[in-house]
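Here's the structure, in structure tokens; my notes come after.
Values below: all heavy atoms of this structure, side chains included; hydrogens, waters and symmetry mates excluded. All values derive from a computational prediction rather than experimental measurement. In the text below, chain A, chain B and the rest are named by the order of the sequence lines, each starting its count at 1.
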2 protein chains.
Amino acid sequence: MIARMIRPVANPLPALSDDDAARLADMFRLLGDPSRLRIVLACIAGPVSVGAIAERVGLSLSLVSHHLRLLRAARLVKATRQGKQVFYAAADDHVRCVIADMVSHVGEGPEQDEREEDD
Amino acid sequence: MIARMIRPVANPLPALSDDDAARLADMFRLLGDPSRLRIVLACIAGPVSVGAIAERVGLSLSLVSHHLRLLRAARLVKATRQGKQVFYAAADDHVRCVIADMVSHVGEGPEQDEREEDD
DNA sequence: CATACACTTGAACATCTGTTCAAATGATCG
DNA sequence: CGATCATTTGAACAGATGTTCAAGTGTATG
């Protein structure tokens, strides 16, 4: 019940420059890979070590690390060293919001490819 | 003022299945291409013809059509025929939200690649 | 110092994906 | 019907991208 709270009906999106659009696209592209997205989802849960992530999502340590590097560079996740381990967490609430919104969108309709729907 | 309204601090994101994650990733991947994202942005403005989009974003008719097909299949945009022309618009407010949230994220910090920031 | 653990890095490979060009479809008008 | 406009489609190509394997850091422990 409290899950789906007051949703502002979307900001006006003040005319992004082509450069801004490119930066945005970079972010979306990072979330656009299933493995990487699952890694991000694992990080949203809370600070998790690389090994824990790898096990959770069922990917090699190496691959997870590669992905984390990209996500870190884009500031989608942030890292914290603690002894031998490195813990990763979602950078801020925006990434959670973005994903939550997209979940809403997907949950909307079972996605069928039709030409028009104005009949 | 009314633009940035009450922002719920993000839904709990109720444990997505690997399948759901894949579907989500598909959506994000579509927004992850600069050309395609600019097309979506053009569609958010309001119902626009393919030709108008092509001119606005500076891409060939053919390419825009190819992209629109993918966006349509993912229900990110919806099409409406009107005479010879076909008008496209953003499917719903969710896509606007998603993009707006990502804008917020990018606007947050000028993105630098550091190992840790807990000092 | 040497060993072991946790993670990172680099190069190589196969695959996917955006783009282009040419041809085809659909719709309106004379 | 033939012509023309608006959009779509298919095949083909170059470049980007995810994945793997092997080797390289860095940190604690004995």
Problem set entry | Atom-pair distance (CG on Asp33(B); P on dA16(D)), nearest Å | 13 Å

Exercise. Rounded to the nearest Å, what distance is computed from the CG atom of residue Leu70(A) to the C1' atom of nucleotide dT8(C)?
Worked result: 13 Å

Exercise. Hey, is the side chain of His67(B) poking within less than 4.0 Å of OP1 or OP2 on dT19(C), counting only N and O atoms?
Worked result: yes

For this session: Calculate the interatomic distance between Phe87(B) atom CZ and dT7(D) atom P; express it in whole Å.
Result: 8 Å

Problem set entry | Closest to the Leu61(B) side chain, choosing from dT8(C), dT20(D), dT8(D) | dT8(D)

For this session: State plainly whether the residues Arg29(A) and Asp33(B) are in salt-bridge range, i.e. N to O under 4.0 Å.
Result: no

Seminar exercise, completed: CG (Asp93(A)) and OG (Ser104(B)) are apart, to the nearest 0.5 Å, by 11.5 Å

For this session: Return the value, rounded to whole Å, for the distance between atom CD of Gln82(B) and atom C1' of dG26(C).
Result: 16 Å

Exercise. Would you say a side-chain N or O of Ser35(B) is under 4.0 Å from OP1 or OP2 of dT19(C)?
Worked result: yes

Problem set entry | Presence of Tyr88(A) side-chain N/O under 4.0 Å of dT8(C) phosphate oxygens OP1/OP2 | yes

For this session: Take the protein atom CZ of Arg38(A) and the nucleotide atom C1' of dG18(D), then report the distance between them rounded to whole Å.
Result: 13 Å

Exercise. Counting just side-chain N and O atoms, does Arg36(A) come under 4.0 Å of either OP1 or OP2 of dG18(D)?
Worked result: yes

Problem set entry | Arg29(B) vs dT17(C): side-chain N/O to OP1/OP2 distance below 4.0 Å | yes

For this session: Taking atom types as modelled, find out whether Ser17(B) and Asp20(B) have a side-chain donor-acceptor pair closer than 3.5 angstrom.
Result: yes

For this session: Would you mind classifying the nucleic acid contact of Ser62(B) as base, sugar-phosphate or nothing, using non-hydrogen atoms under 4.0 angstrom?
Result: base

For this session: Starting at atom NZ of Lys84(B), determine the distance to atom C1' of dA3(D), rounded to an integer number of angstrom.
Result: 10 Å

Problem set entry | Non-hydrogen atoms of Arg75(B) and Ala91(B) that approach each other most closely | O-CB, 2.9 Å

Seminar exercise, completed: From the candidates dC21(D), dT9(D), dC7(C), the one with an atom nearest any side-chain atom of His66(A) is dC21(D)

Seminar exercise, completed: Testing dT9(D), dA27(C), dA6(C) for proximity to the side chain of Arg81(B), the answer is dA27(C)

